[in-house]
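One structure is given here, and the rest of the page talks about it.
Residue numbers begin at 1 in each chain, while the letters A, B, ... track the order of the sequences. Just so it is clear, the model here is predicted, and its values are computed rather than measured.
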Amino acid sequence: MIYSIWEEMKQAWRALMSNKVRSALTMLGVVIGIFSVITLVTIAEGAKNYVTDQIKNLGAGYDSFVLAAGKDPMVPPNPKFVYADIAYLKGQVPEIRDIVALNPGSGRVKFGRSETKASMVMGTTANFLGLMGGNLTQGRFFSEAEVDGRRRVMIIGPTIARNLFGESDPVNERVKLKGDQFLVIGVTEPRGSVGPLDMDKRVIVPITTIQNMLGTNKIFRFNIFPKDPNRIAEVKEKVTVAVQRRIRSDDFRFLTQQGILNIVNNVLAALTGFVSGIAAISLLVGGIGIMNIMLVAVNERVREIGVRKAVGARRRDIVLQFLVESMMISLLGGVLGIILGLLGAFLIMFFIKGTLVIAWWAVVMATVVSAAVGIFFGVYPALRAARLDPVAALRYE
Amino acid sequence: MSADGRPVVRITDVKRTYRMGTVDVHALRGIDLRIERGEFVSIMGPSGCGKSTLMHILGCLDRPSAGAVRLDEVDVDELDDNELAEIRNKKVGFVFQTFNLLPKLNAVENVELPLIYAGVGFDERREKAAGLLESVGLKERMYHKPSELSGGQSQRVAIARSLANGPSLILADEPTGNLDSTSGEEIIRLFQELNNKGITLIIVTHDQEIAEHSKRIVRLKDGLIVADEPVNNRRRAS
Ligand SMILES: Nc1ncnc2c1ncn2[C@@H]1O[C@H](COP(=O)(O)OP(=O)(O)OP(=O)(O)O)[C@@H](O)[C@H]1O
Ligand SMILES: [Mg+2]
């Protein structure tokens with residue numbers, strides 16, 4: 001049986017090769033179906049990885065969550081949080097280990113005649129460096145006393161350091177930000193970009209200092225670190241109650257790694273379902289195309305079937321011959337679809353600077369499905385071929 | 001050749017009726033025939049008398065509407081389709097007027113076909129097929145496609161194919177019908193050679209001269225045997 005399948009495969013290959021254009025057109029439906037699924041699944045897999053990385057970089061790692069002002073992320077927030085809320089929350093929720101406050105902004109940094117383009121200016125608390133990761137290559141971070149004293153000190157990213165100071169040491173140099181003089185006290189290590197944000201062009205200043213400059217005492221974001229990272233949900237609930245009591249509204253939201261991942265997964269699942277639907281239709285159409293061509297092939301080869309029967313082919317030999325042929329068309333289409341799909345995903349990942357994660361389960365499944373399509377839609381033509389009466393088949397012109 | 005009690009073919013009262021709408025066409029109306037091992041029989045008769053129908057039944061390509069067919073001591077009537085296929089594969093070799101070679105396969109691959117269905121592995125198959133082609137004088141044409149062969153050569157490839165599994169019986173339906181007289185002469189000489197080696201042959205022909213190369217002539221008319229006599233002055237193919 002194994003041996004005769006091998007024989008049939010060789011013959012099927014020749015039959016397909018003797019009609020290259022027709023075979024190629026026939027497999028197109030399967031190619032498109034498999035291609036779309038493989039591209040999407042591979043991108044989705046890469047996107048999950050990418051998003052997980054981004055979330056970690058943005059601070060909502062597995063060990064913390066974000067409390068942000070404003071219920072709707074699409075509406076500019078009107079924050080009601082103040083610096084004193086750090087102490088308030090810690091007091092209300094003893095399970096909190098620490099809280100980092102963050103106020104995002106932007107501005108140009110000037111040194112002598114050089115000036116940067118608008119950089120991300122982040123106001124934060126003194127515990128930022130220890131809790132949110134990252135290291136300094138030069139100098140030091142600011143202290144709690146400097147935050148309390150609204151000191152004009154700043155830590156700059158390596159790209160800014162290079163652009164403004166070249167090879168010389170930026171630490172203890174004075175620069176200007178929004179008209180105010182700042183003392184550079186440290187340089188962060190290179191970290192590259194997180195999505196659109198280039199971390200190496202970032203400026204970090206005490207949150208109180210930036211509040212002062214903007215004439216506000218409000219805070220946009222807290223990163224809350226529970227003592228036990230496994231109890232984020234519980235801590236979140238307690239924080240909700242405390243915050244509602246404090247600001248007397250629910251104009252705030254949380255971001256957790258799991259929450260963001262859930263959203264991403266939901267979107268990807270919806271997309272996968274949609275593309276799978278398209279792929280299924282395209283496989284169905286492709287399968288019907290294969291069936292059609294196989295019926296044509298049977299008609300073209302009635303005499304051949306008669307000859308084969310005359311020299312001893314059994315029904316099952318004829319069935320096998322045509323099944324192997326239809327399976328081969330479909331399988332070739334599937335393999336082509338997989339290759340094109342991976343290539344497509346690779347190109348897309350290349351352009352969005354993501355890493356290609358090949359979902360092997362999808363590759364295996366695509367192979368099995370395409371072979372199955374060929375077999376399923378090949379059965380009817382193959383049975384028709386096998387049922388031909390040998391004498392009538394030999395007479396056929 | 002005298003009867004040894006184990007005929008290659010023994011059919012009794014074989015009838016074959018085709019139903020054409022409301023009319024029945026009686027192609028064979030009761031044929032009795034016994035052919036011994038080593039015989040060389042010609043079947044003759046006017047067009048439409050049932051010669052091909054008889055050959056198809058003898059070759060297990062078709063079943064009779066009535067009557068019994070015994071091939072090589074096997075009651076064919078009792079066999080199912082798979083067993084019939086095996087008989088066609090192993091016990092009978094069919095040679096057609098139009099050769100019926102597969103155009104995409106070369107000569108040796110065409111000869112290999114029955115061996116594939118007999119489950120013979122590649123090396124053994126190729127060796128055997130090459131040997132058969134050599135025995136019909138076509139060793140140099142092994143890798144030629146049918147379109148690159150003359151009619152006579154094609155028919156010799158077909159004969160090599162019919163011999164592939166060492167059948168008990170070769171059936172040839174007008175094997176020289178599509179050939180010029182020289183090629184026809186070559187084919188009939190090949191048949192005589194095969195018969196001399198002990199192979200049983202039945203050929204259908206319209207040509208009295210061809211028939212006189214065999215040992216016995218059976219004449220059909222309207223689906224019945226009207227004459228069955230030995231050839232007295234047998235011709236030798238030159
Ligand atoms: N499939 C069929 N359906 C209906 N009638 C058939 C069929 N095959 C053969 N016949 C009829 O059966 C009779 C015998 O046909 P057959 O082909 O056996 O004749 P033949 O002796 O081989 O003729 P020829 O010398 O022309 O080849 C003819 O009348 C023919 O029309
Ligand atoms: Mg005929």
Side-chain angles (χ1 to χ4, degrees), chain A residues 1-23 296-325 328 382-397, chain B residues 16 18 27 52-63 79-106 109-122 125 145-146 158 160-165 167 171 173:
Chain A
M1 186 71 181
I2 302 281
Y3 178 72
S4 54
I5 287 183
W6 174 239
E7 290 295 331
E8 299 297 356
M9 278 170 72
K10 286 196 282 188
Q11 307 232 8
W13 179 254
R14 287 169 70 151
L16 297 187
M17 283 303 119
S18 69
N19 236 324
K20 289 196 188 73
V21 175
R22 189 167 91 181
S23 308
V296 171
V298 169
N299 266 343
E300 283 172 351
R301 279 143 69 182
V302 168
R303 233 192 143 88
E304 173 188 328
I305 294 162
V307 172
R308 286 180 184 274
K309 288 197 154 191
V311 301
R314 291 154 299 187
R315 275 179 186 221
R316 76 171 104 107
D317 294 313
I318 303 294
V319 168
L320 196 65
Q321 176 188 348
F322 283 93
L323 269 191
V324 165
E325 200 170 313
M328 199 176 262
L383 286 179
R384 262 180 71 143
R387 274 202 290 263
L388 285 174
D389 169 55
V391 174
L394 283 165
R395 281 233 177 94
Y396 188 86
E397 289 304 323
Chain B
R16 180 69 169 95
Y18 295 104
S52 295
T53 306
L54 178 60
M55 292 294 263
H56 292 147
I57 286 172
L58 291 175
C60 294
L61 286 164
D62 195 11
R63 293 174 187 269
L79 302 182
D80 65 21
D81 281 359
N82 278 335
E83 290 165 325
L84 279 189
E86 193 161 333
I87 298 251
R88 294 198 292 268
N89 186 238
K90 302 238 167 67
K91 286 200 189 289
V92 294
F94 225 102
V95 176
F96 304 89
Q97 180 175 357
T98 53
F99 325 135
N100 274 332
L101 299 177
L102 298 190
K104 281 175 194 156
L105 306 184
N106 61 32
E109 287 165 340
N110 266 291
V111 177
E112 282 178 40
L113 267 188
L115 296 165
I116 289 182
Y117 292 121
V120 180
F122 181 85
R125 200 166 80 207
K145 291 275 172 67
R161 179 178 67 188
S162 75
L163 292 167
N165 282 320
L171 299 164
D173 193 349

For the pair A/R395 and B/S52, evaluate side-chain hydrogen bond (donor to acceptor under 3.5 Å, both in side chains) and give the outcome as yes or no after the intermediate values. CA-CA 11 Å; A/R395 281 233 177 94; B/S52 295; 5.3 Å; no

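- Contact detail for B/L61 and A/V391: the closest heavy-atom pair is O-CG2, 3.6 Å.
- Neither the backbone nor the side chain of B/S162 has a heavy atom closer than 4.5 Å to any heavy atom of chain A.
- When all heavy atoms of B/A85 and A/R314 are compared, the closest pair comes out as CB-CG, 3.5 Å.
- The local environment of CD in B/E86 is sparse, with at most 12 non-hydrogen atoms from other residues, nucleotides or ligands closer than 6.0 Å.
- The pair A/R14-B/E109 meets the salt-bridge criterion, since a charged nitrogen lies less than 4.0 angstrom from a carboxylate oxygen.
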Just do the side-chain hydrogen bond (donor to acceptor under 3.5 Å, both in side chains) check on B/N82 and A/R315 with the steps written out, would you? CA-CA 7 Å; B/N82 278 335; A/R315 275 179 186 221; over 6 Å; no

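- Summarising the geometry, atom CG belonging to A/L394 is positioned 4.5 Å from atom CZ belonging to B/F96; distances are rounded to the nearest 0.5 Å.
- With contacts defined as side-chain heavy-atom distances shorter than 4.5 Å, the pair A/Q11/B/L102 does not qualify.
- Among the candidates B/K90, B/R88, B/K104, the residue making the largest number of heavy-atom pairs closer than 4.5 Å to chain A is B/R88.
- Here the shortest heavy-atom pairing between B/N89 and A/G312 reads CB-CA, 3.5 Å.
- Only the side chain of B/D81 comes within less than 4.5 Å of a heavy atom in chain A; its backbone stays farther off.
- Contacts of B/L105 with chain A are made by both backbone and side-chain atoms, with heavy-atom separations under 4.5 Å.
- Residues A/V311 and B/L113 come closest through the heavy atom pair CG2-CB, 4.2 Å.
- Interatomic distance, B/I116 CD1 to A/K10 NZ, rounded to the nearest 0.5 Å: 7.5 Å.
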